[in-house]
Number of protein chains: 2
Amino acid sequence: MPKKKPYCECLNTVKPVRDTLEVINGKWKLSIIISVGVGNSRFTEIQESIPGLTPKVLSKELKELEQHQLIKRIITNDYPVKISYCLEPYADTLTPIIYAMKDWGLNHKKKIFQER
Amino acid sequence: MPKKKPYCECLNTVKPVRDTLEVINGKWKLSIIISVGVGNSRFTEIQESIPGLTPKVLSKELKELEQHQLIKRIITNDYPVKISYCLEPYADTLTPIIYAMKDWGLNHKKKIFQER
DNA sequence: TATTTCGCTTTCCTTTAGGAAATAGCTATA
DNA sequence: TATAGCTATTTCCTAAAGGAAAGCGAAATA
């Protein structure tokens with residue numbers, strides 16, 4: 001008879017969740033995707049739409065989101081050159097996560113409020 | 001005619017998403033909830049079920065999850081005293097987020113694999 | 001011509017997350 | 001009695017995230 005109960009396997013769920021977290025981790029990535037998704041396409045627009053977001057952080061996050069093929073950087077070669085950002089189709093696959101998190105956050109606020 | 005197009009409002013989504021992130025942020029919290037959810041209830045079991053998780057971090061995260069009423073710490077006063085952890089009912093509300101992230105992670109792996 | 005705006009980049013700094021290792025108090029087992 | 005296991009805690013450290021502020025080149029505006 002074995003002394004120790006072996007732990008329950010959970011890696012089949014833990015691993016993919018962690019893979020996801022590696023892409024959308026941090027304080028800002030989802031917010032940026034949401035902002036671009038609702039129509040903000042210029043650097044300054046995105047920055048202004050998200051309180052507290054500094055240009056340095058926005059610049060860095062946009063690059064990472066580009067690398068993950070979630071956001072596209074578009075340079076129009078007309079005169080004058082303009083830079084804009086839009087969502088890649090792949091970003092749409094994040095919609096269920098974003099909605100689940102939005103719903104949870106709204107419900108959580110309500111819960112916190114009731115407890116006071 | 002105004003020169004500047006005003007940015008699009010996105011705070012109605014951005015804010016609750018950020019509220020959610022404040023609760024489940026970091027590398028480990030969701031993994032710990034998953035692990036406890038599948039039946040790991042002892043400190044060491046949880047730790048062993050999640051590769052790379054150190055006792056210090058587990059200890060800290062468990063406290064935070066307790067404060068957010070997602071995990072319950074149970075002390076059995078029998079002899080010998082045992083400590084175990086289980087999910088609070090409130091943790092079940094995270095299920096949609098966890099499944100959405102699991103699905104996304106699995107799909108993302110597939111996508112990355114195809115591209116190589 | 002001077003000033004402002006845009007889309008960043010750079011520098012500097014602080015805070016936080018997280019890892020490694022040792023340890024402690026208790027119980028269990030040999 | 002000695003050793004091992006459980007549930008952490010503590011200390012020390014590094015790396016990464018993130019914030020504040022300045023600046024820069026090109027273009028637009030006054």
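As a basis for the values below, the full set of heavy atoms in this structure was taken, side chains included, without hydrogen atoms, waters or symmetry mates. Lettering of chains follows the sequences in order, A, B, ..., and the numbering in each one begins at 1.
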Novice: Return yes when atom OH of B:Tyr90 has more than 12 non-hydrogen atoms of other residues, nucleotides or ligands closer than 6.0 Å, and no otherwise.
Specialist: yes
Novice: Can you list everything that forms a side chain to side chain contact (heavy atoms under 4.5 Å, CB included) with B:Ser35? Sequence neighbours excluded, please.
Specialist: A:Cys10, B:Asn40, B:Ile46, B:Ser49, B:Ile50
Novice: Can you identify which nucleotide, out of D:dG18, D:dC6, C:dC6, has its nearest atom closest to the B:Thr44 side chain?
Specialist: D:dC6
Novice: Starting at CD of B:Glu64 and ending at P of C:dG18, how long is that distance when rounded to a whole Å?
Specialist: 9 Å
Novice: Round to a whole Å and report the spacing from CH2 of A:Trp28 to C1' of D:dA16.
Specialist: 16 Å
Novice: List in numerical order all residues of residues 18-27 of chain B for which some heavy atom is under 4.0 Å away from an atom belonging to DNA chain C.
Specialist: B:Gly26, B:Lys27
Novice: Atom CG of B:Leu65 and atom P of D:dA8: how far apart are they, to the nearest Å?
Specialist: 14 Å
Novice: Please state how far atom CD in A:Gln47 lies from atom C1' in C:dT9, giving the value in whole angstrom units.
Specialist: 13 Å
Novice: How close or far is atom C1' of D:dT7 from atom OH of A:Tyr7, stated in whole angstroms?
Specialist: 19 Å
Novice: Can you sort out the partners of B:Lys111 under salt bridge (Lys or Arg N to Asp or Glu O under 4.0 Å), two or more places apart, ordered by chain and number?
Specialist: B:Glu115
Novice: For DNA chain C, which residues of residues 52-60 of chain A approach it to below 4.0 angstrom with any heavy atom?
Specialist: A:Pro55, A:Lys56, A:Ser59
Novice: Quick one: side chain to side chain contact (heavy atoms under 4.5 Å, CB included) partners of B:Leu106, sequence neighbours excluded?
Specialist: A:Pro16, B:Lys102
Novice: Rounding to a whole Å, what distance do you find between B:Arg42:CZ and C:dT27:C1'?
Specialist: 11 Å
Novice: Here's a test for you: under side chain to side chain donor-acceptor pair (under 3.5 Å), which of B:Thr93, B:Thr20, B:Asp19, B:Thr95 qualifies with A:Trp104?
Specialist: B:Thr93
Novice: Which residues pass the salt bridge (Lys or Arg N to Asp or Glu O under 4.0 Å) test with B:Lys56, not counting sequence neighbours?
Specialist: none
Novice: B:Ile83 has a side chain; which of C:dC6, C:dC8, D:dT7 sits nearest to it?
Specialist: D:dT7
Novice: Atom NZ of B:Lys29 and atom C1' of C:dT16: how far apart are they, to the nearest Å?
Specialist: 11 Å
Novice: Tell me the salt bridge (charged side-chain N to carboxylate O under 4.0 Å, His left out) pairs involving residues 84-96 of chain B, sequence neighbours left out?
Specialist: none
Novice: Measure CZ/B:Phe43 against P/C:dG25 and give the value in whole Å, please.
Specialist: 17 Å
Novice: Tell me every residue that passes ring pair (Phe, Tyr, Trp, His ring centres under 6.0 Å) with B:His68, counting only those two or more places apart in sequence or in another chain.
Specialist: none
Novice: Can you tell which of C:dC6, C:dC8, D:dT9 lies closest to the side chain of B:Lys63?
Specialist: D:dT9
Novice: Ignoring backbone atoms, test whether B:Tyr85 places a side-chain nitrogen or oxygen under 4.0 Å from the OP1 or OP2 oxygen of D:dA8.
Specialist: yes
Novice: Output all residues satisfying salt bridge (Lys or Arg N to Asp or Glu O under 4.0 Å) with A:Lys27, sequence neighbours left out; order by chain, then residue number.
Specialist: none
Novice: Mind checking if A:Glu61 touches a base, just sugar-phosphate, or nothing, with heavy atoms under 4.0 Å?
Specialist: sugar-phosphate
